[in-house]
Asks: 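Attaching a single structure in structure tokens format; questions to follow.
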Amino acid sequence: MTARTIRVAEVVVDGTALFLDKRFSYAVPPGVDVAPGMRVVVPMRSSMRSGIVWALREASGATDLRPLARVVDRAPVLTSDQMRMAEWLCDRYAATLPEAVSAILPGAFRLRVRSVLVPAAGAEIPDDVRGLALFQHIAEAEPALSDIRAKSRHDERMVRAWMTAGFLREEIRVDEAVGEKRQAYLVGSAPADVLRREAEARRRRARRQSDCLEVLADVGEVAWDKRLYPPASVQPLVAAGLVRVEERRASHRWAAGEELERWPELTPYQARAVRDLAEMADQGHGVALLHGVTGSGKTEVYMHLIRRAIEDGGQALVLVPEIALTPQLVRRFERRFGGQVAVLHSGLSLGERREEWTRVLDGDASVVIGARSAVFAPMRALKLVVIDEEHEPSYKQEDAPHYDAREVAMWRAKQAGALVILGSATPSLSSMYRVEQGSAKLVSLPVRANQRPLPPIEIIDMREELRTGNRSIFSRRLAAELEATVSRDMQAILFLNRRGFAHAALCRACGHSMECPRCDIHLTVHRSAEGHVLVCHYCGHEEPLARRCPDCGEEALMPYGLGTEQVEEHLRRAWPSMRVLRMDLDTTRRKGSLQAIIERFQAGEADVLVGTQMIAKGLDFPRVRLVGVVAADAMLTLPDYRANERAFQLLTQVAGRAGRAETDGITLIQTYQPGHRAVEAAKQHDYRLFYERERESRAFFRYPPFCELAVFLASHSEERLARGAAARFERELGRSPSARSLVVLPAGPSGIRRIDNVYRYQVVMKYAAWQDVKEDVVRAYRLVKEKMNRLGGSAVLDVNAQRIG
DNA sequence: AGCACGCCGACT
DNA sequence: GTCGGCGTGCTC
Ligand SMILES: [Zn+2]
Ligand SMILES: [Zn+2]
């Protein structure tokens with residue numbers, strides 16, 4: 001008798017529950033082809049779930065394993081490098097394996113698995129059963145057993161009886177989130193003003209058609225979301241010749257045969273940087289901090305190193321902040337690298353995302369450009385990782401698994417023997433500290449590529465303006481420069497770090513501030529068709545802005561504190577002929593509208609761009625002469641240990657939008673705190689000054705980079721349960737063995753105690769090395785999380801947290 | 001997270 | 001008796 005062996009698949013099963021943080025073993029049925037990295041369907045208890053094969057092994061004897069129900073893929077969708085990366089994410093960020101997998105694998109590969117009831121084929125089903133309403137319903141709607149149960153327990157019993165009798169059986173249905181099919185686009189086929197006029201004409205009788213036309217007037221084209229614009233609404237627009245439907249593979253693909261751009265000559269500084277970086281690249285893994293002033297031509301340096309990496313038979317990964325990932329940027333890379341470029345970002349349809357991922361997986365792309373999550377791209381010959389605007393907080397994922405793309409990139413590069421280039425005009429404290437510690441090498445680009453000096457920065461003391469009788473939000477100097485700029489046919493950017501019309505609504509009589517009924521935060525004033533409304537930025541609550549104060553009864557409620565909408569309004573009122581565009585979260589919510597604003601401003605369709613921090617993230621507007629910071633104070637008073645760092649970075653980055661190509665520039669910063677050190681350092685263009693001072697205070701108060709932070713956050717609609725969970729977590733840590741290596745700050749309410757009627761309590765931890773404390777922290781976390789989930793609340797742990805509260 | 005199982009009070 | 005509600009424990 002031969003020893004029977006069977007093949008066993010170890011599977012990571014999809015889901016968020018804690019118990020799924022392991023590999024489940026299933027028998028591979030004989031003759032079934034399966035490899036690690038393929039998606040499968042497996043039985044779990046009494047339901048079917050999707051998962052991914054992690055490993056295969058042989059086992060003999062005990063064959064009490066349940067078999068794989070289905071293998072979905074013919075080729076793996078994850079590489080083994082990516083699986084190692086997932087395991088590392090679990091270790092570093094206290095994530096479960098399925099959480100790590102879902103961060104790495106694009107949503108386009110998600111499976112939806114259902115077991116549905118169907119009449120058994122070929123079974124003798126009595127007519128009295130077949131005639132029952134329940135049976136008919138099952139035959140038509142193919143519901144799941146759980147759907148039946150939800151309606152009636154009696155029906156469930158009946159169905160179970162029919163299953164035993166062989167009248168019904170369960171069938172697995174697997175739906176891909178998206179097929180590899182093409183994506184349909186709606187494209188405006190009339191000029192924007194015609195579309196707008198037609199939209200207005202249909203406003204009353206055909207709301208959907210009107211909306212659709214308006215969007216197309218703004219952005220030209222959109223991926224066709226059939227829930228938003230049902231075919232019945234689109235059809236008449238097509239018939240009227242206003243819209244056409246196009247099916248496409250990808251938004252734009254480099255056409256074979258298009259001529260590549262010539263490589264321009266580098267400035268001496270660029271050439272030196274390329275030489276230094278190339279030398280590092282030759283030595284394998286390393287981390288470089290490319291500190292180049294705004295407009296110093298960092299991208300050109302990146303591209304030279306990418307070219308080298310490709311010539312060496314390698315691949316390069318370029319990470320940029322989501323907002324800077326514009327078609328113009330992609331085009332810029334394609335002009336040098338042609339069809340070797342792949343793009344991964346959220347603006348793509350699911351189908352496009354999947355296609356780009358597959359191109360990378362198949363080795364058809366040598367350069368991958370993407371935002372944060374592109375750090376997981378399936379590359380097998382990684383030689384170079386570029387992280388542009390390295391200081392941007394958006395590289396840290398705010399939800400589970402809370403990874404930091406900069407850290408992931410460095411880990412990955414180390415495994416692959418690749419070079420990492422962190423690029424910024426305002427390096428994060430932690431990166432510069434890395435240089436200080438010798439774990440990164442500094443490479444500098446101290447002058448602009450256009451050989452012009454950095455635009456001068458002037459500070460305007462708004463207290464002085466007030467004293468001398470100017471009550472406008474624009475100082476005399478800013479007003480004069482605005483007029484001068486526009487009259488010379490140049491452009492201006494006005495920056496304010498607050499969206500909405502006004503920061504809050506305040507009672508002039510008693511000082512009462514209007515609060516959100518569902519959150520512990522004041523409401524923001526927004527402009528609306530009927531005047532002003534109060535809006536909560538956290539839960540979306542909206543109410544009209546009344547005059548009467550609910551607290552004292554006086555008619556004295558007034559908007560207080562500037563917002564971007566108000567700046568726009570003051571501009572229009574003071575200079576009616578100026579053409580103004582606004583760019584903030586509210587004007588860019590619609591897909592494509594961000595890009596539309598960027599393009600319109602670049603095309604000179606507006607004189608002034610008013611915006612929040614999103615205008616500071618590496619966008620290139622060559623005709624901008626003037627940058628005005630309307631009120632720096634909004635960012636100087638943030639209650640966070642990083643407030644100074646953030647303020648300095650924002651001010652420097654915003655100032656850097658001025659005078660980038662064709663003109664000299666000037667930056668004016670209006671503030672009530674002209675002596676603030678972030679303002680001063682920005683004015684001097686003095687990164688060193690900023691770094692030394694900030695470093696000193698971080699060291700003194702023991703904040704990163706002199707330690708690492710982790711934040712435990714418990715949420716529950718009952719305050720005592722949220723508070724209790726945080727207190728319990730704190731106690732658990734107090735009696736853990738690693739208590740010595742850990743500073744645990746007292747449990748307390750999070751920065752905003754209540755959001756959407758859910759209370760939030762947190763515990764902040766400081767430690768030198770996660771490795772030394774993780775075991776105990778994770779044990780305490782899982783213990784409390786499990787309890788919290790049972791009670792209908794939730795708990796999260798943010799390791800290496802970038803902000804607290 | 002689901003889902004089964006078991007125990008309980010409330011109703012046909 | 002039987003229905004639905006909810007706490008508890010398990011998932012290859
Ligand atoms: Zn009042
Ligand atoms: Zn709210």
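For the numbers below, each heavy atom of this structure counts, side chains included, while hydrogens, waters and symmetry mates do not. In what follows, chains are A, B, ... by sequence order, proteins preceding strands, each numbered from 1.
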Asks: Using 0.5 Å steps for rounding, measure from the CG atom of Leu713(A) to the CG atom of Asp798(A).
Replies: 9.5 Å
Asks: For nucleotides 1-11 of chain B, give me one character per nucleotide, 5' to 3': B if any protein heavy atom sits under 4.0 Å from the base, S if the only such contacts are to the sugar-phosphate, - if neither.
Replies: BBBS-------
Asks: Tell me whether Lys396(A) contacts the main-chain N or O of Gln802(A) through its side chain, where contact means a donor paired with an acceptor under 3.5 Å.
Replies: no
Asks: For the NE2 atom of His716(A) and the OH atom of Tyr761(A), what is their distance to the nearest 0.5 Å?
Replies: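 Going from the NE2 atom of His716(A) to the OH atom of Tyr761(A) covers 13.5 Å.
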Asks: Run the ring-centre check on Tyr395(A) versus Tyr403(A) and record whether the distance is less than 6.0 Å.
Replies: no
Asks: Please report the shortest heavy-atom distance between Ala120(A) and Ile125(A), naming the atom on each side.
Replies: O-CD1, 4.4 Å
Asks: Heavy atoms of chain A, cut-off under 4.0 Å: which first and last nucleotide of DNA chain C, 5' to 3', fall inside that, if you could look?
Replies: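 Answer, 5' to 3': dC3(C) to dC12(C).
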Asks: What distance separates Phe729(A) CZ from Met765(A) CE, expressed to the nearest 0.5 Å?
Replies: 4.0 Å
Asks: For the residue pair Ile104(A) and Trp357(A), what are the closest heavy atoms and their distance?
Replies: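 That would be O-CH2, 3.3 Å.
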